[in-house]
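Structure, as structure tokens:
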Amino acid sequence: METDRDKTTQVVRSAALAGAGVSGVFCLVVSVLLLVNILQLKLNDPLNAPSLVALRAQYAGQPSDESLKVQIRALDLMARRAFFASQQQLRLGGFLLLGGAGVGISLLILAGLLATAHPDPRHLPPLEAIWARRAGLRRGLKLAAGALLALALAAWIGADRDLGRYQVMTPASARAKWVPAIPVPSPAERLKNWPNFRGPDGNGVSPARNIPTRWNGKTGEGIKWKLTLPRAGFSSPIVWGKRIFLTAGDGAAREIYGVDADRGTLLWTAVVTNVPGAPGELPEVAESTGLAASTPATDGERVYAVFGTGELFCTDWEGRPVWSRFLGKPENHYGHSSSLLVVDGLLIVQFDGTSRARVLALDSRTGRTVWERERPAVSWASPICVDTGRRKELILCDSVGVESYNPANGVTWWRQDCLGGEAAPSAAYAGGLVFVASDFARASGLRLTGTGGVEVAWQWEEALPDTASLLATSQLVFMATRDRAVVCLKAKDGVRLWQQEFASQCYASPILAENRVYALDRDGVMHIFEAAEEYKPVATCPLGENAGATPAFAEGRIYIRGLRNLYGIGE
Amino acid sequence: MGLFLYLFCLSGLVQGAEPPSRFPKPEFETGYVQPLTQCPAPRAAYLEWVDVGVLAGALALTAWLAIRKRSRRGILAMTVFSILYFGFFRRGCICPVGSIQNVAASLSSTSFLLPWTVVLLFLLPLVFALFFGRVFCAAVCPLGAIQDVMIRRPVRLPRVVSGALGLIPYLALGLAILYAVTGAGFVVCRHDPFVGFFRLGGTVTMLVSGAVFLLLGIFVARPYCRFLCPYSVLLNWAARFAARPVTITPDECVNCRLCEASCPFDCILPTTPDRPPETRPVARRRLGWAVALVPAAVMLGAVAGFAMHTVFAAGHPVVRLAGRIALEERLQMREYTLESEAFRGTGQPLAQLDAEARAILARFRIGSTVMGGVLGLVVGGQLVGLALWSRRKTYEIDNGNCLSCGRCFEYCPVGRPGGKGAGQDHGN
Amino acid sequence: MKTLNQNLTRREFLRGIGRYSLLGLLGWLGLTLGRGLRRGKGTEYVWQIDPEKCTQCGRCATACVLSPSAVKCVHAYVVCGYCNLCGGYHQPNTKTPDTAAENQLCPTAALRRRFIEEPYYQYDVDEALCIGCAKCVKGCGSFGNGSLFLQVRHDRCANCNECAIAAQCPGEAFARVRRSRPYRLRGGVA
């Protein structure tokens, strides 16, 4: 009887143990499957499958491709199915694991309860070994302490005590790189266009060819089209592909226009509204500056514009708002007039006022600040960004001097305090020399040195520009001065080569194209002369309308903004 | 200064909870009524008190089962209950183990206030340990419970190994407090190996480490509890002063060694030979050396802790971010991490971040040095303890390490009916 | 035997001293820690996201201990512009604002839209499908009114002692908030 009961107990216990083993194996299999599932989901996330992403990108380029649409729909459905199926599997697997573990553990407990075997003291170490055990514990402690000390020593040797110098990237975040949503346009692409004030680098040089030299706005000769603008503004037009963008504004409204470059039709008007934080009250500005003096900028994907109100506005290609920011009310007695510049996905905003002067670099996708630097003084000049062959330099003028920054992070490369008065002309760069000038102060030629700084090559104090920016070739420097003249200096040493007076002063900055200088005066007359060591006029073309904006150049075309009209000149 | 003020104003505008309103609110003509945004309420507050009540009840019941009833089966039933309730039902987060960090953070910061439920969660097991030993470990802690049912073929670890591994809980406790106090986060929760099972999901490392611990637990009884759990240090010290801890036998010990063989945690102190195998002068010299070593160990530990502080500080997100930004600035990298991009988006000056990181680093310097010193003290103290000789005529429980699981008295042949050994005897 | 007893009682006495001093220490700790209650402040907390700090990095979808994440997109209808072309619903550069898959931004089609009246559409989030990836939040924030944003949904959240997403949030947008005000909604709805 007793043995029977014992036997039954034994059998039940063995069965329980076997069952526990089976459920253990089951749990193991399920967990391996679950892990594989999780890893799979982690490694190739169906919702962000490369094939789907690539298809979507392709579709963005060819929106009319019907077969692409069908493909995307099919793949999208598949991805969702795969995702939710694996979610379902995870949940099911979890419950299976739970059930298996529950059964297994219950059986183990049952087997434990039915156990008849006693713990066997015969396997224990002899009592006399207690001293050896203590010795073992001591040894273990010393070993552990020694290991910790060794670890500390290794850390002391290996770790760099400078906060910034040890590698602190986690692998996961290291993979998440800052990638502009839209590829940054290549230099060649920028060169083909006129993306901001004074051309590709903001340096006043156009690589375009077949530039017209003969037109007359009064007779219509050479004029391809003429567009009357709804509102006025002193900002200059910019060109990208077949689109021209300009800004206009007054107390009633600030607007951005998109114009068809071939036909001269107004494609869209973006009205600046709902800028978060903008107070609605207008700053006081001079009549000659207005609220739309700053030239917009584009990167071929979006258009950025800043106004005298401190409103910064970004639209997409069709004039729909993307983001906007209020920079603060400009503290500026003429009105804010510095233009925008896009450098490698960063929108550079020179925001020099009499107080709170600063330069910001914003993420062009979102308008968020990437870096920001305080500036020493007010200015009305615009940033230029040139590649000196060694590095990119972002060169900004203010009413004290000129400063060059690393466009990527705003760190100063060099600074030279050689300006004065009220700085409105922007710098020019050519052949290793930076040229700056401001009225009631002086013009300077600054040579970049091998150590990354600058030295003053020459200075000139006679006739100085007050509005128009400088223009330079590797041999010559041109300045349109306040007293209605254009002065040509030798780039190397600042010696005057010639000086030519016109009937009116140039507000527009002179532009170099096909080795000819185009200088537009306030009467709307374009003076074209050769960029040579002596004055060689090529042509004089009237617009028939006053003008202050710097013209934009494209292949075979010039776009000139008069006070009321925009002209497309050329074939 | 002006710039800072301005940034402050700007952030104030952003904080103003008014999102950019690019499109005006539509004026509906069809009588359409805007639906309200639905927000399900969190778990009711009184349920937290229910949890604390259940914890207190479970502790009391386990203490009664272990000390009065001396029922291993009862404790086993409690184990199953804890796995189900605290584990799977409450998803492992009624957790006094993790509450150490809340307590440390609250003590170091005036703004981090604890709810009473969390205070009680932290205190109850310790108070019980002061009176009844580690009944919390016996069957209430879900992390221990799930390991306890896995024990099948426990091996007796060599003393060298258990002595060395026994230092890790102190290190874990130190790090848990260090990271909580410096605001780096709760590392114990982050590396909890079993909570993934209770939630039926978690990171791969969490699940894998949990599985490893459970499988290891078949042979090495409750490895997490003995060689990692930071709360075990506190419970250990409280249980050493326990008023009425579990006892092996209710009566005279017959020195059968069954209890010693049954304990999977190696917590039964066997009887000693009548006299130590060493001569008195040798023992004295050993003790003298151990005592003399204590200040040296503290010093050495403090120096080691100081040396480690940058390594520990690298675990703090702000220090990591500052390091990353410094790297980006120096190399003029444009490949931002999500963290550095987010930081740059706030427009906060770099200098401020740098200062913040340096302040945190300074806290790590102090904290890490103190931690190293305490760890040195622990090593020195344990060496002194091991140099002391006390005679035992009966089998005793090592109260600090005993988890009150009840296996020893289940097998004790002395005294009461119902003990398994006794039961077998009756059967024959 | 007598010495043994004396030894025992002495040891017991010392243990008692240790026990009650530790108890006193714990009591002091409890009172110190309970200061929140003494000041009459409710300190029970839950985790929540500050939408203004959220950078839409996408980690909410992957870092949560739950799968799918307890973080979902929430729609504040009072803020919504009910646009036909929706920055949160449609892919950027969508030419035809319809519900076709190639034009949808949401990877799981959790965002649904319903025609109300010309030209307005109502957008709803299907939380059973939403994985909290914040793609729509980003779109709505940059092109629209920002009426879509992420929130921890407390019917799903396990309220971990340390939120696994908070530990990885690059914008430090996660914070413990009072249980009595468990959401941070836009548009002032409670």
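Proteins get letters first, then strands, A, B, ... in listed order; numbering begins at 1 in each.
- Between C:Tyr45 and B:Phe112, the angle of the ring planes lies from 30° to 60°, which puts this pair in the tilted group.
- At a 4.5 Å heavy-atom cutoff, B:Pro317 makes no contact with chain C through either its backbone or its side chain.
- Using a 4.5 Å cut-off on side-chain heavy atoms (C-beta onward), B:Leu338 and C:Thr55 make no contact.
- Taking the centre of each ring, C:Tyr20 and B:Phe241 stay at or above the 6.0 Å mark.
- For B:Glu29, the parts lying under 4.5 angstrom from a heavy atom of chain C are both the backbone and the side chain.
- With a threshold of 4.5 angstrom between heavy atoms, C:Cys64 does not approach chain B through any atom at all.
- Residues C:Val78 and B:Leu36 are not in side-chain contact: their nearest non-hydrogen atoms beyond the backbone lie 4.5 Å or more apart.
- Looking at B:Asn399 and C:Arg15, their side chains come closer than 4.5 Å, going by heavy atoms from C-beta outward.
- Residues meeting the ring pair (Phe, Tyr, Trp, His ring centres under 6.0 Å) test with B:Phe197, sequence neighbours left out: none.
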Should C:Glu172 and B:Glu339 be marked as a side-chain contact (heavy atoms from CB on, under 4.5 Å) after you check the CA-CA gap, both sets of side-chain angles, and the distance that decides it?
CA-CA 9 Å; C:Glu172 295 176 3; B:Glu339 283 80 8; over 6 Å; no
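- Along residues 104-117 of chain C, the residues that come nearer than 4.5 angstrom to chain B, judged on non-hydrogen atoms, are C:Arg114, C:Ile116, C:Glu117 in order of number.
- No side-chain heavy atom of B:Arg240 sits under 4.5 Å from any side-chain heavy atom of C:Arg19.
- If you measure heavy-atom distances from B:Ala243 to chain C, the contacts under 4.5 Å come from both the backbone and the side chain.
- Of the atoms belonging to C:Ala164, not a single heavy atom falls under 4.5 Å from chain B.
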Test C:Glu162 against B:Arg190 for side-chain contact (heavy atoms from CB on, under 4.5 Å), laying out the working first. CA-CA 7 Å; C:Glu162 184 187 60; B:Arg190 217 172 287 177; 2.8 Å; yes
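- Interface residue B:Ala44: only backbone heavy atoms are found under 4.5 Å from chain C.
- Annotation: side chain of C:Leu29 is in contact with side chain of B:Leu107 (closest heavy-atom distance under 4.5 Å).
- In this structure, B:Gln34 contributes its side chain and C:Tyr77 its backbone to a donor-acceptor pair below 3.5 Å.
- Using a 4.5 Å cut-off on side-chain heavy atoms (C-beta onward), C:Gln151 and B:Cys39 make no contact.
- The shortest distance between side-chain heavy atoms of B:Lys25 and C:Cys80 does not fall below 4.5 Å.
- Sorted by first then second residue, the ring-ring contact (aromatic ring centres under 6.0 Å, His included) pairs that include residues 86-111 of chain C, not counting sequence neighbours, are C:Tyr89-C:Tyr123.
- Inspection of the B:Thr117 and C:Glu44 side chains reveals an N or O donor paired with an N or O acceptor under 3.5 Å.
- Checking side-chain atoms of C:Tyr183 against main-chain N and O of B:Pro40 turns up a donor-acceptor pair under 3.5 Å.
- Qualifying salt bridge (charged side-chain N to carboxylate O under 4.0 Å, His left out) partners for B:Arg91, counting only residues two or more places apart in sequence or in other chains: none.
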